[in-house]
Number of protein chains: 2
Amino acid sequence: MIINSYTNEDKVLLAVDCIIFGFDLEELKILLVKRSFEPEKGKWSLIGGFLKKEEDLDVAAIRVLHHLTGLNNIYMEQLYTYSKVDRDPADRTLSVAYYALIDIAKHDRELIEQNSAKWFPIKSTPTLIFDHNEMVERAMARLRRRALSKPIGFELLQQKFTMRQLQKLYEAILGKKLDKRNFISKFNSFDILIKLDEKDMSSSKKGAFLYKFNEEKYNRKVEEGFNFKI
Amino acid sequence: MIINSYTNEDKVLLAVDCIIFGFDLEELKILLVKRSFEPEKGKWSLIGGFLKKEEDLDVAAIRVLHHLTGLNNIYMEQLYTYSKVDRDPADRTLSVAYYALIDIAKHDRELIEQNSAKWFPIKSTPTLIFDHNEMVERAMARLRRRALSKPIGFELLQQKFTMRQLQKLYEAILGKKLDKRNFISKFNSFDILIKLDEKDMSSSKKGAFLYKFNEEKYNRKVEEGFNFKI
DNA sequence: ATTTTTAAGTGTTCTTTAGACACGTTTTTT
DNA sequence: AAAAAACGTGTCTAAAGAACACTTAAAAAT
(Lines give C-alpha, C1' and ligand atoms only; values in the text may rest on other atoms or scores of the structure.)
Protein backbone atom coordinates (compact mmCIF):
# COMPACT_ATOMS: atom_id res chain seq x y z
CA MET A 1 0.00 0.00 0.00
CA ILE A 2 1.55 3.25 -1.16
CA ILE A 3 -0.23 6.08 0.47
CA ASN A 4 1.10 9.16 2.16
CA SER A 5 4.52 8.89 0.58
CA TYR A 6 4.72 12.67 0.43
CA THR A 7 3.34 13.55 3.84
CA ASN A 8 6.13 15.94 4.70
CA GLU A 9 5.66 18.19 1.70
CA ASP A 10 3.93 21.58 1.76
CA LYS A 11 0.48 21.91 0.30
CA VAL A 12 -0.82 25.03 -1.36
CA LEU A 13 -4.04 26.61 -2.52
CA LEU A 14 -4.50 26.57 -6.25
CA ALA A 15 -6.73 29.03 -8.06
CA VAL A 16 -7.84 29.21 -11.67
CA ASP A 17 -8.30 32.61 -13.30
CA CYS A 18 -9.85 33.15 -16.72
CA ILE A 19 -9.18 35.84 -19.27
CA ILE A 20 -12.38 35.86 -21.30
CA PHE A 21 -12.11 37.53 -24.68
CA GLY A 22 -14.97 38.82 -26.74
CA PHE A 23 -15.23 40.98 -29.86
CA ASP A 24 -17.78 43.73 -30.25
CA LEU A 25 -18.01 47.01 -32.14
CA GLU A 26 -14.70 46.38 -33.82
CA GLU A 27 -13.00 46.07 -30.45
CA LEU A 28 -11.47 43.23 -28.45
CA LYS A 29 -12.92 43.09 -24.96
CA ILE A 30 -12.40 41.15 -21.78
CA LEU A 31 -14.86 40.26 -19.11
CA LEU A 32 -14.01 41.38 -15.57
CA VAL A 33 -15.78 41.08 -12.25
CA LYS A 34 -15.99 43.31 -9.25
CA ARG A 35 -14.53 41.24 -6.47
CA SER A 36 -17.07 40.49 -3.78
CA PHE A 37 -14.84 39.32 -0.97
CA GLU A 38 -11.65 40.20 0.84
CA PRO A 39 -8.89 40.83 0.17
CA GLU A 40 -9.21 43.59 -2.43
CA LYS A 41 -13.01 43.50 -2.24
CA GLY A 42 -14.59 45.94 -4.71
CA LYS A 43 -11.66 45.98 -7.11
CA TRP A 44 -11.79 44.69 -10.65
CA SER A 45 -10.51 41.20 -11.16
CA LEU A 46 -10.43 38.30 -13.54
CA ILE A 47 -13.04 35.71 -12.85
CA GLY A 48 -11.59 32.86 -10.88
CA GLY A 49 -12.12 30.07 -8.42
CA PHE A 50 -10.26 27.51 -6.42
CA LEU A 51 -9.36 24.10 -7.70
CA LYS A 52 -11.32 21.38 -5.97
CA LYS A 53 -9.84 18.04 -4.99
CA GLU A 54 -11.95 16.10 -7.43
CA GLU A 55 -11.35 18.17 -10.59
CA ASP A 56 -8.43 18.78 -12.87
CA LEU A 57 -7.56 22.31 -13.97
CA ASP A 58 -9.44 22.21 -17.27
CA VAL A 59 -12.59 21.16 -15.46
CA ALA A 60 -12.14 23.91 -12.91
CA ALA A 61 -11.65 26.51 -15.65
CA ILE A 62 -14.74 25.30 -17.48
CA ARG A 63 -16.72 25.45 -14.26
CA VAL A 64 -15.61 28.98 -13.53
CA LEU A 65 -16.37 30.11 -17.05
CA HIS A 66 -19.74 28.45 -17.11
CA HIS A 67 -20.66 29.94 -13.78
CA LEU A 68 -20.13 33.45 -15.12
CA THR A 69 -21.36 33.19 -18.69
CA GLY A 70 -23.70 30.23 -18.79
CA LEU A 71 -21.76 28.96 -21.80
CA ASN A 72 -20.42 25.52 -22.58
CA ASN A 73 -18.09 24.21 -25.27
CA ILE A 74 -15.89 27.23 -25.22
CA TYR A 75 -12.46 27.52 -26.79
CA MET A 76 -10.07 27.63 -23.88
CA GLU A 77 -6.40 27.16 -23.35
CA GLN A 78 -4.14 26.98 -20.34
CA LEU A 79 -1.84 29.96 -20.32
CA TYR A 80 0.61 30.09 -17.44
CA THR A 81 0.91 29.38 -13.73
CA TYR A 82 1.60 32.33 -11.46
CA SER A 83 3.36 31.59 -8.23
CA LYS A 84 5.00 34.63 -6.65
CA VAL A 85 5.11 33.94 -2.93
CA ASP A 86 3.28 37.12 -1.95
CA ARG A 87 0.98 37.44 -4.93
CA ASP A 88 -2.09 37.05 -2.78
CA PRO A 89 -1.76 38.83 0.56
CA ALA A 90 -4.29 36.62 2.29
CA ASP A 91 -2.66 33.26 1.85
CA ARG A 92 -0.09 31.41 -0.23
CA THR A 93 -2.01 30.87 -3.42
CA LEU A 94 -0.90 29.93 -6.89
CA SER A 95 -3.03 30.65 -9.87
CA VAL A 96 -3.26 28.89 -13.20
CA ALA A 97 -4.43 31.33 -15.85
CA TYR A 98 -6.64 30.22 -18.72
CA TYR A 99 -7.85 32.28 -21.61
CA ALA A 100 -11.12 31.75 -23.42
CA LEU A 101 -12.63 33.03 -26.64
CA ILE A 102 -16.37 33.50 -26.75
CA ASP A 103 -18.98 34.84 -29.11
CA ILE A 104 -19.92 37.92 -27.18
CA ALA A 105 -23.44 37.85 -28.59
CA LYS A 106 -24.16 34.56 -26.90
CA HIS A 107 -23.33 35.15 -23.27
CA ASP A 108 -26.00 35.38 -20.63
CA ARG A 109 -26.43 39.07 -19.80
CA GLU A 110 -28.35 38.38 -16.63
CA LEU A 111 -25.73 36.08 -15.21
CA ILE A 112 -23.14 38.69 -15.91
CA GLU A 113 -25.07 41.31 -14.04
CA GLN A 114 -25.71 39.00 -11.13
CA ASN A 115 -21.99 38.50 -10.85
CA SER A 116 -21.36 42.23 -11.21
CA ALA A 117 -19.21 41.58 -14.23
CA LYS A 118 -18.55 43.96 -17.08
CA TRP A 119 -16.95 43.96 -20.51
CA PHE A 120 -13.93 46.22 -20.91
CA PRO A 121 -12.16 47.11 -24.12
CA ILE A 122 -8.80 45.45 -23.80
CA LYS A 123 -7.15 48.80 -24.38
CA SER A 124 -8.99 50.27 -21.40
CA THR A 125 -8.33 47.48 -18.95
CA PRO A 126 -8.44 48.95 -15.45
CA THR A 127 -5.92 48.17 -12.77
CA LEU A 128 -6.69 44.68 -11.56
CA ILE A 129 -5.93 42.87 -8.33
CA PHE A 130 -2.75 40.92 -7.71
CA ASP A 131 -0.93 39.93 -10.89
CA HIS A 132 -4.05 39.89 -13.05
CA ASN A 133 -2.87 42.65 -15.37
CA GLU A 134 0.17 40.55 -16.11
CA MET A 135 -2.11 37.64 -16.93
CA VAL A 136 -4.11 39.77 -19.33
CA GLU A 137 -0.96 40.87 -21.11
CA ARG A 138 0.28 37.34 -21.46
CA ALA A 139 -3.10 36.22 -22.73
CA MET A 140 -3.11 38.99 -25.29
CA ALA A 141 0.37 38.01 -26.47
CA ARG A 142 -0.66 34.38 -26.73
CA LEU A 143 -3.83 35.26 -28.62
CA ARG A 144 -1.82 37.31 -31.08
CA ARG A 145 0.56 34.44 -31.74
CA ARG A 146 -2.19 31.84 -31.95
CA ALA A 147 -4.27 33.88 -34.32
CA LEU A 148 -1.39 33.89 -36.76
CA SER A 149 -1.13 30.13 -36.95
CA LYS A 150 -4.54 28.70 -36.04
CA PRO A 151 -8.00 29.68 -37.25
CA ILE A 152 -9.24 30.56 -33.78
CA GLY A 153 -10.61 33.94 -34.77
CA PHE A 154 -13.95 32.38 -35.62
CA GLU A 155 -14.47 31.57 -31.94
CA LEU A 156 -14.91 35.29 -31.37
CA LEU A 157 -17.40 35.86 -34.17
CA GLN A 158 -20.93 34.71 -34.71
CA GLN A 159 -21.29 31.68 -36.88
CA LYS A 160 -22.04 33.85 -39.91
CA PHE A 161 -19.85 36.84 -40.49
CA THR A 162 -18.84 39.23 -43.23
CA MET A 163 -15.36 39.55 -44.61
CA ARG A 164 -15.23 43.03 -43.19
CA GLN A 165 -15.98 41.77 -39.68
CA LEU A 166 -13.32 39.10 -40.03
CA GLN A 167 -10.81 41.69 -41.14
CA LYS A 168 -11.69 44.06 -38.30
CA LEU A 169 -11.25 41.19 -35.87
CA TYR A 170 -7.77 40.41 -37.13
CA GLU A 171 -6.91 44.07 -37.06
CA ALA A 172 -7.98 44.23 -33.44
CA ILE A 173 -6.00 41.13 -32.50
CA LEU A 174 -2.86 42.05 -34.38
CA GLY A 175 -3.09 45.72 -33.53
CA LYS A 176 -2.58 47.00 -37.05
CA LYS A 177 -4.51 47.93 -40.15
CA LEU A 178 -4.65 45.36 -42.92
CA ASP A 179 -5.17 45.91 -46.60
CA LYS A 180 -8.69 44.86 -47.54
CA ARG A 181 -7.75 43.28 -50.87
CA ASN A 182 -4.70 41.45 -49.58
CA PHE A 183 -6.59 40.18 -46.54
CA ILE A 184 -9.50 38.83 -48.52
CA SER A 185 -7.41 37.23 -51.20
CA LYS A 186 -5.19 35.55 -48.63
CA PHE A 187 -8.18 34.19 -46.75
CA ASN A 188 -9.76 33.03 -49.98
CA SER A 189 -6.57 31.24 -50.94
CA PHE A 190 -6.96 29.08 -47.82
CA ASP A 191 -10.26 27.88 -49.16
CA ILE A 192 -11.75 27.16 -45.75
CA LEU A 193 -14.72 29.52 -45.83
CA ILE A 194 -18.18 28.94 -47.21
CA LYS A 195 -19.76 31.91 -48.93
CA LEU A 196 -23.47 32.01 -48.18
CA ASP A 197 -26.27 33.40 -50.29
CA GLU A 198 -27.35 35.62 -47.42
CA LYS A 199 -26.23 39.14 -46.83
CA ASP A 200 -25.70 41.04 -43.64
CA MET A 201 -27.62 44.31 -43.86
CA SER A 202 -26.57 45.79 -40.53
CA SER A 203 -23.77 48.05 -41.65
CA SER A 204 -24.88 49.16 -45.08
CA LYS A 205 -27.98 49.17 -47.18
CA LYS A 206 -26.15 47.48 -49.99
CA GLY A 207 -25.47 44.51 -47.77
CA ALA A 208 -22.38 42.33 -47.44
CA PHE A 209 -22.18 38.64 -48.11
CA LEU A 210 -22.00 36.35 -45.11
CA TYR A 211 -19.48 33.54 -44.71
CA LYS A 212 -19.11 30.51 -42.48
CA PHE A 213 -15.97 28.71 -41.35
CA ASN A 214 -15.81 25.26 -42.93
CA GLU A 215 -14.27 23.41 -40.02
CA GLU A 216 -14.52 19.93 -41.56
CA LYS A 217 -12.72 21.11 -44.66
CA TYR A 218 -10.11 22.84 -42.56
CA ASN A 219 -9.48 19.66 -40.57
CA ARG A 220 -9.23 17.63 -43.75
CA LYS A 221 -6.75 20.06 -45.21
CA VAL A 222 -4.68 20.01 -42.02
CA GLU A 223 -4.43 16.24 -42.29
CA GLU A 224 -3.08 16.73 -45.77
CA GLY A 225 -0.41 19.11 -44.54
CA PHE A 226 -2.16 22.45 -44.80
CA ASN A 227 -0.76 25.11 -42.52
CA PHE A 228 -2.90 28.10 -41.59
CA LYS A 229 -0.67 31.16 -41.62
CA ILE A 230 -1.82 34.78 -41.69
CA MET B 1 -6.57 41.62 9.45
CA ILE B 2 -7.24 39.51 6.43
CA ILE B 3 -5.96 36.06 7.06
CA ASN B 4 -7.55 32.71 6.44
CA SER B 5 -10.12 34.03 4.03
CA TYR B 6 -9.85 30.83 2.03
CA THR B 7 -9.84 28.30 4.85
CA ASN B 8 -12.48 26.11 3.34
CA GLU B 9 -10.67 25.51 0.08
CA ASP B 10 -8.78 22.35 -0.80
CA LYS B 11 -5.01 22.39 -0.76
CA VAL B 12 -2.86 20.29 -3.03
CA LEU B 13 0.70 19.12 -3.45
CA LEU B 14 2.56 20.87 -6.22
CA ALA B 15 5.55 19.33 -7.92
CA VAL B 16 7.98 20.78 -10.45
CA ASP B 17 9.38 18.51 -13.16
CA CYS B 18 12.18 19.47 -15.52
CA ILE B 19 12.83 18.39 -19.06
CA ILE B 20 16.55 19.00 -19.45
CA PHE B 21 17.77 19.17 -23.03
CA GLY B 22 21.34 18.70 -24.17
CA PHE B 23 22.97 18.28 -27.56
CA ASP B 24 25.74 15.79 -28.20
CA LEU B 25 27.00 13.79 -31.15
CA GLU B 26 24.55 15.51 -33.46
CA GLU B 27 21.65 14.34 -31.29
CA LEU B 28 19.20 16.02 -28.96
CA LYS B 29 19.17 14.35 -25.57
CA ILE B 30 17.26 14.59 -22.33
CA LEU B 31 18.42 13.86 -18.83
CA LEU B 32 16.39 11.29 -16.90
CA VAL B 33 16.68 9.80 -13.43
CA LYS B 34 15.94 6.41 -12.05
CA ARG B 35 13.31 7.07 -9.43
CA SER B 36 14.55 6.19 -5.94
CA PHE B 37 11.29 6.11 -4.04
CA GLU B 38 7.78 4.79 -4.25
CA PRO B 39 5.54 4.87 -6.15
CA GLU B 40 7.11 3.66 -9.38
CA LYS B 41 10.50 3.24 -7.75
CA GLY B 42 13.14 2.11 -10.23
CA LYS B 43 11.41 3.52 -13.27
CA TRP B 44 12.77 6.31 -15.43
CA SER B 45 11.43 9.73 -14.67
CA LEU B 46 12.00 13.41 -15.21
CA ILE B 47 13.86 15.08 -12.43
CA GLY B 48 11.47 16.79 -10.07
CA GLY B 49 10.74 18.03 -6.62
CA PHE B 50 7.99 19.54 -4.55
CA LEU B 51 7.32 23.22 -4.31
CA LYS B 52 8.15 24.59 -0.90
CA LYS B 53 6.09 27.20 0.89
CA GLU B 54 8.77 29.85 0.67
CA GLU B 55 9.65 29.59 -3.02
CA ASP B 56 7.94 30.42 -6.26
CA LEU B 57 7.92 27.94 -9.14
CA ASP B 58 10.91 29.38 -10.97
CA VAL B 59 12.99 29.12 -7.83
CA ALA B 60 11.87 25.55 -7.28
CA ALA B 61 12.75 24.62 -10.84
CA ILE B 62 16.17 26.22 -10.53
CA ARG B 63 16.76 24.37 -7.28
CA VAL B 64 15.80 21.03 -8.80
CA LEU B 65 17.98 21.62 -11.83
CA HIS B 66 20.93 22.75 -9.78
CA HIS B 67 20.63 19.79 -7.51
CA LEU B 68 21.01 17.40 -10.42
CA THR B 69 23.49 19.18 -12.66
CA GLY B 70 25.40 21.58 -10.42
CA LEU B 71 24.65 24.30 -12.94
CA ASN B 72 23.37 27.83 -12.46
CA ASN B 73 22.14 30.50 -14.86
CA ILE B 74 20.41 28.05 -17.11
CA TYR B 75 17.92 28.89 -19.80
CA MET B 76 14.61 27.68 -18.50
CA GLU B 77 10.99 28.21 -19.29
CA GLN B 78 7.73 27.19 -17.70
CA LEU B 79 5.90 24.80 -19.97
CA TYR B 80 2.56 23.59 -18.72
CA THR B 81 0.77 22.49 -15.57
CA TYR B 82 -0.43 18.91 -15.41
CA SER B 83 -3.37 18.22 -13.22
CA LYS B 84 -5.18 14.96 -14.00
CA VAL B 85 -6.78 13.83 -10.79
CA ASP B 86 -5.18 10.40 -10.81
CA ARG B 87 -1.87 11.27 -12.42
CA ASP B 88 0.07 10.28 -9.32
CA PRO B 89 -1.35 7.17 -7.65
CA ALA B 90 0.08 8.04 -4.26
CA ASP B 91 -1.58 11.36 -3.65
CA ARG B 92 -3.33 14.22 -5.42
CA THR B 93 -0.39 16.02 -6.95
CA LEU B 94 -0.16 18.59 -9.69
CA SER B 95 3.02 19.15 -11.58
CA VAL B 96 4.34 22.22 -13.28
CA ALA B 97 6.69 21.22 -16.07
CA TYR B 98 9.71 23.33 -16.98
CA TYR B 99 12.15 22.76 -19.75
CA ALA B 100 15.80 23.74 -19.67
CA LEU B 101 18.56 23.98 -22.24
CA ILE B 102 22.08 23.23 -21.11
CA ASP B 103 25.51 22.90 -22.61
CA ILE B 104 25.95 19.18 -22.18
CA ALA B 105 29.72 19.55 -21.91
CA LYS B 106 29.38 21.55 -18.73
CA HIS B 107 27.27 19.42 -16.46
CA ASP B 108 28.71 17.69 -13.43
CA ARG B 109 29.17 14.03 -14.35
CA GLU B 110 29.62 12.92 -10.78
CA LEU B 111 26.46 14.54 -9.57
CA ILE B 112 24.60 12.88 -12.38
CA GLU B 113 25.92 9.48 -11.39
CA GLN B 114 25.15 10.06 -7.75
CA ASN B 115 21.57 10.77 -8.72
CA SER B 116 21.53 7.75 -11.01
CA ALA B 117 20.67 9.95 -13.92
CA LYS B 118 21.40 9.29 -17.56
CA TRP B 119 21.25 11.07 -20.88
CA PHE B 120 18.86 9.59 -23.45
CA PRO B 121 18.57 10.52 -27.10
CA ILE B 122 15.19 12.17 -27.35
CA LYS B 123 14.25 9.69 -30.03
CA SER B 124 14.93 6.80 -27.65
CA THR B 125 13.09 8.14 -24.65
CA PRO B 126 11.98 5.18 -22.53
CA THR B 127 8.56 4.86 -21.00
CA LEU B 128 8.44 7.27 -18.11
CA ILE B 129 6.32 7.41 -14.98
CA PHE B 130 2.97 9.17 -14.79
CA ASP B 131 2.45 11.71 -17.55
CA HIS B 132 6.13 12.45 -18.03
CA ASN B 133 6.23 11.25 -21.64
CA GLU B 134 3.51 13.74 -22.41
CA MET B 135 5.62 16.45 -20.81
CA VAL B 136 8.60 15.52 -22.95
CA GLU B 137 6.52 15.72 -26.07
CA ARG B 138 5.15 19.10 -25.18
CA ALA B 139 8.64 20.34 -24.35
CA MET B 140 9.91 19.13 -27.67
CA ALA B 141 7.09 20.89 -29.50
CA ARG B 142 7.77 24.09 -27.58
CA LEU B 143 11.49 23.89 -28.26
CA ARG B 144 10.78 23.47 -31.96
CA ARG B 145 8.60 26.54 -32.03
CA ARG B 146 10.93 28.64 -29.91
CA ALA B 147 13.97 27.75 -31.95
CA LEU B 148 12.26 29.22 -35.00
CA SER B 149 11.74 32.62 -33.47
CA LYS B 150 14.35 33.09 -30.75
CA PRO B 151 18.10 32.43 -30.84
CA ILE B 152 17.98 29.89 -28.06
CA GLY B 153 19.97 27.25 -29.89
CA PHE B 154 23.19 28.66 -28.53
CA GLU B 155 22.18 27.56 -25.05
CA LEU B 156 22.71 23.99 -26.18
CA LEU B 157 26.13 24.55 -27.72
CA GLN B 158 29.46 25.42 -26.22
CA GLN B 159 30.33 29.08 -26.36
CA LYS B 160 32.40 28.54 -29.49
CA PHE B 161 30.90 26.43 -32.24
CA THR B 162 31.26 25.76 -35.93
CA MET B 163 28.64 26.51 -38.51
CA ARG B 164 28.31 22.81 -39.08
CA GLN B 165 27.53 22.17 -35.41
CA LEU B 166 24.96 24.94 -35.45
CA GLN B 167 23.34 23.48 -38.52
CA LYS B 168 23.30 19.97 -37.07
CA LEU B 169 21.67 21.37 -33.95
CA TYR B 170 18.90 23.02 -35.91
CA GLU B 171 18.44 19.87 -37.93
CA ALA B 172 18.04 17.90 -34.71
CA ILE B 173 15.57 20.38 -33.27
CA LEU B 174 13.49 20.78 -36.40
CA GLY B 175 13.75 17.14 -37.37
CA LYS B 176 14.74 17.76 -40.96
CA LYS B 177 17.81 18.22 -43.13
CA LEU B 178 18.74 21.77 -44.04
CA ASP B 179 20.68 22.99 -47.02
CA LYS B 180 24.19 24.01 -45.94
CA ARG B 181 24.41 27.08 -48.14
CA ASN B 182 20.94 28.38 -47.42
CA PHE B 183 21.38 27.83 -43.70
CA ILE B 184 24.70 29.64 -43.52
CA SER B 185 23.65 32.53 -45.68
CA LYS B 186 20.50 33.03 -43.70
CA PHE B 187 22.37 33.00 -40.42
CA ASN B 188 24.96 35.36 -41.82
CA SER B 189 22.26 37.73 -42.94
CA PHE B 190 21.18 38.08 -39.31
CA ASP B 191 24.62 39.41 -38.52
CA ILE B 192 24.59 38.26 -34.91
CA LEU B 193 27.57 35.90 -34.95
CA ILE B 194 31.23 36.70 -34.42
CA LYS B 195 33.60 34.74 -36.61
CA LEU B 196 36.74 33.91 -34.63
CA ASP B 197 40.26 33.38 -35.89
CA GLU B 198 40.34 29.96 -34.27
CA LYS B 199 39.43 26.72 -35.90
CA ASP B 200 37.87 23.62 -34.50
CA MET B 201 40.02 20.64 -35.45
CA SER B 202 37.90 17.90 -33.95
CA SER B 203 35.94 16.81 -36.98
CA SER B 204 38.44 17.31 -39.78
CA LYS B 205 42.12 17.91 -40.18
CA LYS B 206 41.42 20.93 -42.33
CA GLY B 207 39.59 22.57 -39.46
CA ALA B 208 36.42 24.67 -39.41
CA PHE B 209 36.16 28.24 -38.22
CA LEU B 210 34.63 28.82 -34.83
CA TYR B 211 31.89 31.35 -34.14
CA LYS B 212 30.38 32.97 -31.09
CA PHE B 213 26.90 34.36 -30.55
CA ASN B 214 27.05 38.14 -30.19
CA GLU B 215 24.34 38.55 -27.62
CA GLU B 216 24.81 42.28 -27.07
CA LYS B 217 24.48 42.93 -30.77
CA TYR B 218 21.44 40.70 -30.94
CA ASN B 219 19.79 42.60 -28.11
CA ARG B 220 20.60 45.91 -29.74
CA LYS B 221 19.13 44.75 -33.00
CA VAL B 222 15.98 43.49 -31.27
CA GLU B 223 15.48 46.95 -29.77
CA GLU B 224 15.66 48.32 -33.29
CA GLY B 225 12.97 45.95 -34.47
CA PHE B 226 14.99 42.95 -35.61
CA ASN B 227 13.08 39.72 -35.62
CA PHE B 228 14.95 36.42 -35.48
CA LYS B 229 13.22 33.99 -37.82
CA ILE B 230 14.64 30.73 -39.13
C1' DA C 1 53.00 8.51 -55.77
C1' DT C 2 48.54 8.37 -57.38
C1' DT C 3 43.83 8.05 -56.42
C1' DT C 4 40.04 8.33 -53.40
C1' DT C 5 37.60 10.08 -49.61
C1' DT C 6 35.96 13.48 -46.33
C1' DA C 7 34.88 17.98 -44.64
C1' DA C 8 35.02 23.14 -45.59
C1' DG C 9 33.60 26.96 -48.02
C1' DT C 10 31.16 29.71 -51.31
C1' DG C 11 26.68 32.32 -55.39
C1' DT C 12 23.20 32.12 -58.64
C1' DT C 13 18.72 31.15 -60.38
C1' DC C 14 14.01 30.22 -59.92
C1' DT C 15 9.75 30.12 -57.46
C1' DT C 16 6.78 31.61 -54.07
C1' DT C 17 4.95 34.88 -51.03
C1' DA C 18 4.09 39.47 -49.24
C1' DG C 19 3.02 44.16 -49.95
C1' DA C 20 1.63 48.21 -52.40
C1' DC C 21 -1.81 50.12 -54.82
C1' DA C 22 -7.19 52.33 -57.52
C1' DC C 23 -11.40 52.19 -59.34
C1' DG C 24 -16.39 50.97 -60.55
C1' DT C 25 -20.92 49.75 -58.30
C1' DT C 26 -24.78 50.36 -55.32
C1' DT C 27 -27.47 52.90 -52.43
C1' DT C 28 -28.53 56.55 -49.25
C1' DT C 29 -28.09 61.38 -47.86
C1' DT C 30 -28.06 66.16 -48.84
C1' DA D 1 -28.14 66.15 -59.17
C1' DA D 2 -24.15 65.64 -56.39
C1' DA D 3 -21.83 63.72 -52.59
C1' DA D 4 -20.92 60.19 -49.33
C1' DA D 5 -20.48 55.45 -47.51
C1' DA D 6 -19.84 50.64 -47.91
C1' DC D 7 -19.02 46.71 -51.16
C1' DG D 8 -16.19 44.18 -54.15
C1' DT D 9 -12.46 43.11 -57.18
C1' DG D 10 -6.75 42.25 -59.80
C1' DT D 11 -2.13 43.52 -61.08
C1' DC D 12 2.50 44.63 -60.42
C1' DT D 13 6.72 44.81 -57.71
C1' DA D 14 9.85 43.46 -54.11
C1' DA D 15 11.51 40.22 -50.92
C1' DA D 16 12.23 35.83 -49.17
C1' DG D 17 12.69 30.91 -49.59
C1' DA D 18 14.23 26.82 -52.02
C1' DA D 19 16.90 24.34 -55.23
C1' DC D 20 21.15 23.47 -56.80
C1' DA D 21 27.34 22.19 -57.82
C1' DC D 22 31.77 22.92 -57.71
C1' DT D 23 36.55 24.02 -55.71
C1' DT D 24 39.95 23.43 -52.07
C1' DA D 25 42.51 21.19 -48.41
C1' DA D 26 44.10 17.36 -46.21
C1' DA D 27 44.21 12.63 -45.00
C1' DA D 28 43.51 7.77 -46.09
C1' DA D 29 43.73 3.99 -49.16
C1' DT D 30 45.66 1.71 -52.92
Side-chain angles (χ1 to χ4, degrees), chain A residues 25-26 144-145 147-149 151 157 160-212 221 224-230, chain B residues 25-26 144-145 147-149 151 157 160-212 221 224-230:
Chain A
L25 302 175
E26 307 195 353
R144 228 175 283 131
R145 265 192 304 120
L148 291 173
S149 61
L157 296 173
K160 301 173 182 180
F161 50 85
T162 66
M163 277 296 191
R164 190 53 56 91
Q165 288 163 354
L166 189 61
Q167 182 184 343
K168 291 292 177 191
L169 170 63
Y170 275 88
E171 289 181 347
I173 292 176
L174 303 178
K176 63 178 180 195
K177 289 256 169 278
L178 300 171
D179 180 88
K180 182 166 57 158
R181 286 160 296 181
N182 290 341
F183 180 81
I184 291 176
S185 69
K186 172 168 281 190
F187 237 102
N188 280 336
S189 76
F190 296 156
D191 191 25
I192 54 173
L193 296 184
I194 302 168
K195 185 175 186 173
L196 305 176
D197 283 331
E198 299 169 65
K199 283 189 160 190
D200 170 273
M201 306 305 287
S202 65
S203 66
S204 85
K205 301 297 160 58
K206 186 181 175 187
F209 279 105
L210 286 164
Y211 291 78
K212 272 167 75 175
K221 293 189 72 157
E224 292 160 9
F226 171 67
N227 215 337
F228 182 93
K229 196 105 222 124
I230 291 288
Chain B
L25 301 175
E26 306 195 353
R144 228 175 285 133
R145 266 193 302 120
L148 291 172
S149 61
L157 297 173
K160 301 173 182 180
F161 50 84
T162 66
M163 277 297 192
R164 191 51 58 91
Q165 288 163 353
L166 189 61
Q167 183 185 343
K168 291 290 177 190
L169 170 64
Y170 274 88
E171 289 182 348
I173 292 175
L174 303 177
K176 63 178 179 194
K177 289 256 168 278
L178 301 172
D179 179 87
K180 181 166 56 158
R181 287 160 295 182
N182 290 342
F183 180 81
I184 291 177
S185 69
K186 170 167 283 188
F187 237 102
N188 281 336
S189 76
F190 295 157
D191 191 24
I192 54 173
L193 296 184
I194 301 169
K195 185 174 187 173
L196 304 176
D197 283 331
E198 300 168 66
K199 284 189 158 190
D200 170 273
M201 307 303 289
S202 65
S203 67
S204 84
K205 301 296 158 59
K206 184 181 175 186
F209 280 104
L210 287 164
Y211 291 78
K212 272 166 77 175
K221 293 190 71 157
E224 292 160 9
F226 171 68
N227 215 337
F228 182 92
K229 198 103 221 130
I230 291 288

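These figures come from a predicted structure and were not determined experimentally. Naming convention: chains lettered A, B, ... in sequence-line order (proteins, then strands); numbering from 1 in each chain.
Between B/K160 and B/E198 there is a salt bridge, with a side-chain nitrogen of the basic residue lying less than 4.0 Å from a carboxylate oxygen of the acidic one.
The phosphate of D/dC20 (OP1 or OP2) has no side-chain N or O of B/R181 nearer than 4.0 angstrom. Contact between the side-chain N/O atoms of B/K180 and the OP1/OP2 oxygens of C/dA8 is not found at any separation under 4.0 Å. Listed pair B/R164 / C/dA8 meets the phosphate criterion, a side-chain N or O lying under 4.0 Å from OP1 or OP2.
Atom CG in A/N227 sits about 12 Å away from atom P in C/dT17, given to the nearest Å. Look at CD1 on A/I184: it is 16 Å from P on C/dG19, rounded to the nearest Å. Rounding to whole angstrom units, CG of residue A/N188 and P of D/dG8 are separated by 11 Å. For the pair A/K186 NZ and D/dG10 P, the interatomic distance rounds to 19 Å; values are reported in whole Å. For the pair A/Y211 OH and D/dC7 P, the computed distance is 11 Å after rounding to whole Å.
Between A/F209 and B/D179, the one whose closest nucleotide on DNA chain D sits nearer the 5' end is A/F209.
Taking 3.5 Å as the limit, the base of C/dT6 and the side chain of B/K205 contain no donor-acceptor pair of atoms between them. A donor N or O paired with an acceptor N or O is not found under 3.5 Å between the base of D/dC7 and the side-chain atoms of A/D200. A donor-acceptor contact under 3.5 Å is not formed by the side chain of B/K206 with the base of C/dT6.
Using a 4.0 Å heavy-atom distance criterion, B/S203 is classed as a sugar-phosphate-only contact.
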Step-by-step side-chain contact (heavy atoms from CB on, under 4.5 Å) determination, A/L166 to A/F183: CA-CA 9 Å; A/L166 189 61; A/F183 180 81; 3.9 Å; yes

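Between B/F190 and B/F226, the ring centre distance stays below 6.0 Å.
Judged by distance alone, the side chain of B/E171 and the main-chain N or O of B/L178 form a donor-acceptor pair under 3.5 Å.
Taking the side chain of A/N182 as heavy atoms from C-beta on, and the options D/dT9, C/dC21, D/dC7, the nearest nucleotide is C/dC21.
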